[in-house]
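Take a look at the structure set out below.
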Amino acid sequence: MVQAYILIQTEVGRAADVAHEISGITGVTQAEDVTGPYDVIVRAEARNVDELGKLVVAQIQTVEGITRTLTCPIVHI
């Protein structure tokens, strides 16, 4: 299982709507609107890195109002 935080920038005023829509996507375990340089932080999980990439590109990035994402896979050192 691969887990990641996905940092999302949105159009002005769209953070809550984006977080709400993303929270319904399979593989997303948490989606919160926040303040700071990013507007939404998502925690997601997938079976492997390829599935995580598909989740981000095919499902999360297609949500209306998103302008940029940054995926940060979780590592256990």
Side-chain angles (χ1 to χ4, degrees):
M1 183 70 60
V2 176
Q3 298 177 324
Y5 287 100
I6 303 158
L7 311 177
I8 300 173
Q9 293 178 336
T10 68
E11 296 171 355
V12 174
R14 298 294 310 272
D17 295 334
V18 168
H20 178 71
E21 187 169 344
I22 289 174
S23 67
I25 296 174
T26 301
V28 171
T29 59
Q30 192 171 12
E32 301 285 345
D33 46 317
V34 297
T35 60
Y38 293 94
D39 304 306
V40 176
I41 297 178
V42 172
R43 185 167 176 147
E45 60 185 20
R47 288 181 291 179
N48 55 51
V49 174
D50 290 335
E51 292 296 319
L52 178 64
K54 290 176 186 175
L55 171 65
V56 173
V57 173
Q59 296 183 52
I60 292 175
Q61 288 182 348
T62 61
V63 171
E64 186 74 27
I66 291 177
T67 59
R68 180 173 292 213
T69 65
L70 174 65
T71 302
C72 303
I74 296 171
V75 296
H76 301 283
I77 301 173

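- No donor-acceptor contact under 3.5 angstrom links the side chains of Thr29 and Glu45, judged on distance only.
- The shortest distance between side-chain heavy atoms of Val63 and Ile25 falls below 4.5 Å.
- Applying the side-chain hydrogen bond (donor to acceptor under 3.5 Å, both in side chains) criterion to Thr71, with sequence neighbours excluded, gives no partner residue.
- There is no path of hydrophobic side-chain contacts, each under 4.5 Å, that joins Val57 to Ile22.
- Checking side-chain atoms of Gln9 against main-chain N and O of Asp39 turns up no donor-acceptor pair under 3.5 Å.
- Under the 4.5 Å side-chain heavy-atom criterion for grouping Ile, Leu, Val, Met, Phe, Trp and Tyr, Val42 is connected to Ile66 within one hydrophobic cluster.
- Applying the salt bridge (Lys or Arg N to Asp or Glu O under 4.0 Å) rule to pairs touching residues 5-30 yields Glu11-Arg14, Arg14-Asp17, sequence neighbours excluded.
- Residue-environment remark: CZ (Arg68) stays at or below the threshold of 12 foreign heavy atoms within 6.0 Å.
- Ile8 is listed as a side-chain neighbour of Ile60, based on a closest heavy-atom distance under 4.5 Å.
- Side-chain atoms of Ile6 and Val56, non-hydrogen and from C-beta on, do get closer than 4.5 Å to each other.
- Taking both residues in full, the closest heavy atoms of Val40 and Ala19 are given as CG1-CB, 4.0 Å, listed atom of the first, atom of the second, then distance.
- To the nearest 0.5 Å, atoms CD (Glu32) and CD1 (Ile41) are separated by 9.0 Å.
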Identify all side-chain donor-acceptor contacts of residues 46-55 below 3.5 Å with residues at least two apart in sequence or on another chain.
unit_1 : atom_1 : unit_2 : atom_2 : d
Asn48  : OD1    : Asp50  : N      : 3.1
Asn48  : OD1    : Glu51  : N      : 2.8

